[in-house]
Undergrad: 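To start, I am sharing the structure in question, which I have written as structure tokens.
Remember, predicted model here, so these are calculated numbers, not experimental data. One-based numbering, in listed order, for ligands and for the atoms of each.
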Amino acid sequence: MVENIRKITKVLIANRGEIALRIIRTCREMGIKTVAVYSTADRDSLHVRFADEAVCIGPPSSTESYLKMANIMAAVEITNADAVHPGYGFLAENAEFAEICTEYGVKFIGPTPEMIRKMGDKITAKDTMIKAGVPVVPGSEGLLKSVKQGLKIAEEIGYPVILKATAGGGGRGMRIVWEPEEFEDNWDLARNEAGAAFGNDGIYVEKFIEEPRHIEIQIAGDQYGRVCHLSERDCSIQRRHQKLVEESPSPFVDQDLRQRMGDAAILAGTAINYEGVGTVEFLVDKYKNFYFMEMNTRIQVEHTVTEEVIDYDLIKEQIKIAQGIAISGLNYIPNMHAMECRINAEDPYNDFRPCPGKINSFHSAKGHGVRVDTHVYAGYTVSPYYDSMIAKLICKAQTRDECISKMQRALDEFIVEGIKTTVPFHQKLLRDPDFRKGNFHTGFLNTFDMGEEEEL
Ligand code: MV4
């Protein structure tokens, strides 16, 4: 195989916050120049300070700045960047944006528009996986054409079933149906919700898997058709589809399951000739059956857990793949344990209500086996315009128990004053006996009680 290498010399980062900083760091290490873009709300952000150049792309509202393709392409033009890194969120899974980059002759650091489009439409993704031989949840083949057809399929696969929007994802546009009498009402609701939210009211039906774990496999594929996996992350600790804690390895995954899920994830990536780093999400039931759920065609928030546990820079891998460098093709299995706690500017005692505002004092956790990815500092004001994550606290140790102990120590020394954060939630979670035993599923936080806030 002959590599067709096209060197990247200047990357524009079409993002903000910790991920923009994360990307700048790797670019510097690789000798690649960086361009930050920022909204007027982010003028004092570290990504603006740490990049070689910075361009203001609009007012605070994301739709007028970080989501505005014309402004970002103008920044590409004036700075002569030869690649764009989209980070996560914003335009990271926008096929049109990837297409525009390509038309401009700049490398979109990520998969092709076709791959993004294929995995963005959930029915097309599922159909692709069935053809590739990846296990999927039993359900309708393609879109439902009528209530009658939906009822018939639900009867065949058995209740409960779940209605999903083909344009949905990440938990948006889903309805659980427990018995046939409820089917038609839920069908109407699902269609209307999907139509209003996505401008696409296509619905499909699946068997509802009860109390599943969310376990995802990190993969990487190069421009030459080679795909490997970088083991799993357990992301079952979520609240309203927002992940709060991720870890690797999963306490539920044994070597046999890891092998089978890894093989399936490689099949999935190979089926679409995947280029870049990506994640294949699976639902895993209590019998260790696993089913393809979605594929994310971007770097994810929780990529750090994999980086720590296999000692591997995933952003560097993305850039190397984008330059046309071949991957080694080796699969990785963790020989450490890593865990990430998302520190959000939210009040865990008040339904996780967002708490933007000024951080008066900030002391990060430090020490052996502790990593903190953050864009905030003492004096920083958390804006109400963007998501509330202010830091990712990642710990690694030889075993899960040691990792939890280290995380507890790190949380105890993590000080943020001026705004409420999710630190107390993590402290409480890490004391929970079921969590400590690895005994949890995606519904775990539905019954988790934060209790009362202690008065000082
Ligand atoms: C499911 C499911 C149960 N059965 N599909 C939620 C996010 C989206 N990616 C798909 N999701 C689910 N799909 C079937 N057939 C349960 C969920 C689900 C879930 C999945 C992962 C993590 C958290 C979750 C919380 C509620 C529901």
Undergrad: Does NZ or CZ of Lys122 come closer than 6.0 Å to the centre of the six-membered ring of Tyr204, within 45° of the ring's axis?
TA: no

Undergrad: Answer yes or no on whether Arg298 is positioned over the face of Tyr88, meaning its NZ or CZ is under 6.0 Å from the six-membered ring centre and within 45° of the axis.
TA: no

Undergrad: Answer with yes or no after comparing the ring centroid distance for Phe425 and Tyr349 against a 6.0 Å cut-off, counting only values under it.
TA: no

Undergrad: Can you tell whether the side chains of Glu275 and Lys107 come within less than 4.0 Å, N to carboxylate O?
TA: yes

Undergrad: Side chain, backbone, both or neither: which applies to Ile162 and ligand 1 if a contact is any heavy-atom pair less than 4.0 Å apart?
TA: side chain

Undergrad: In terms of residue, atom name and distance, what is the protein heavy atom nearest to atom 23 (C) of ligand 1?
TA: Gln238 OE1, 3.2 Å

Undergrad: Counting non-hydrogen protein atoms only, what is the nearest one to atom 4 (N) of ligand 1? Give residue, atom name and distance.
TA: Ile209 N, 2.9 Å

Undergrad: Is any NZ, NE, NH1 or NH2 atom of the basic residue among Arg240 and Asp351 found under 4.0 Å from an Asp or Glu carboxylate oxygen of the other?
TA: yes

Undergrad: I need the nearest protein heavy-atom contact for atom 27 (C) of ligand 1: residue, atom name and distance, please.
TA: His241 CE1, 3.8 Å

Undergrad: Using a strict 4.0 Å threshold on nitrogen-to-oxygen distance, state whether Arg371 and Glu340 make a salt bridge.
TA: no

Undergrad: Quick one: which ligand 1 atoms are inside 4.0 Å of a heavy atom on Lys207?
TA: 4 (N), 14 (C), 15 (N)

Undergrad: With atoms numbered from 1 as shown, which atoms in ligand 1 lie under 4.0 angstrom from a non-hydrogen atom of Glu206?
TA: 5 (N), 14 (C), 15 (N)

Undergrad: Give me the nearest non-hydrogen protein atom to atom 10 (C) of ligand 1 as residue plus atom name, then the distance to 0.1 Å.
TA: Met293 SD, 3.4 Å

Undergrad: Taking only heavy atoms of His214 into account, list the atoms of ligand 1 that are under 4.0 Å away from them.
TA: 21 (C), 22 (C)

Undergrad: Any chance the rings of Tyr312 and Tyr332 have centres within less than 6.0 Å?
TA: yes

Undergrad: For atom 16 (C) of ligand 1, which protein heavy atom lies nearest, and how many Å away is it?
TA: Phe208 CE1, 4.1 Å

Undergrad: Is the shortest side-chain heavy-atom distance between Thr442 and Glu211 below 4.5 Å?
TA: no

Undergrad: Quick check on contacts: which atoms of ligand 1 are under 4.0 angstrom from a heavy atom of Glu294?
TA: 8 (C), 9 (N)

Undergrad: Which residue supplies the protein heavy atom nearest to atom 7 (C) of ligand 1, what is that atom called, and how far is it?
TA: Gly171 N, 3.2 Å

Undergrad: For Thr306 and Gln218, what are the C-alpha separation, side-chain angles and deciding distance, and is it a side chain to side chain donor-acceptor pair (under 3.5 Å)?
TA: CA-CA 8 Å; Thr306 302; Gln218 177 73 57; 4.7 Å; no

Undergrad: At less than 4.0 angstrom from any non-hydrogen atom of Leu283, what atoms of ligand 1 do you find?
TA: 1 (C), 2 (C), 3 (C), 4 (N), 5 (N), 13 (N), 14 (C), 20 (C)

Undergrad: Can you find an N/O atom of Thr442 closer than 3.5 Å to an N/O atom of ligand 1?
TA: no

Undergrad: Ion pair present between Glu307 and Arg22, side-chain N to carboxylate O less than 4.0 angstrom?
TA: yes

Undergrad: Would you mind checking which non-hydrogen protein atom is closest to atom 13 (N) of ligand 1, with the distance to 0.1 Å?
TA: Lys164 NZ, 3.1 Å

Undergrad: Does Met174 come within less than 4.0 Å of ligand 1, judged by its heavy atoms?
TA: yes

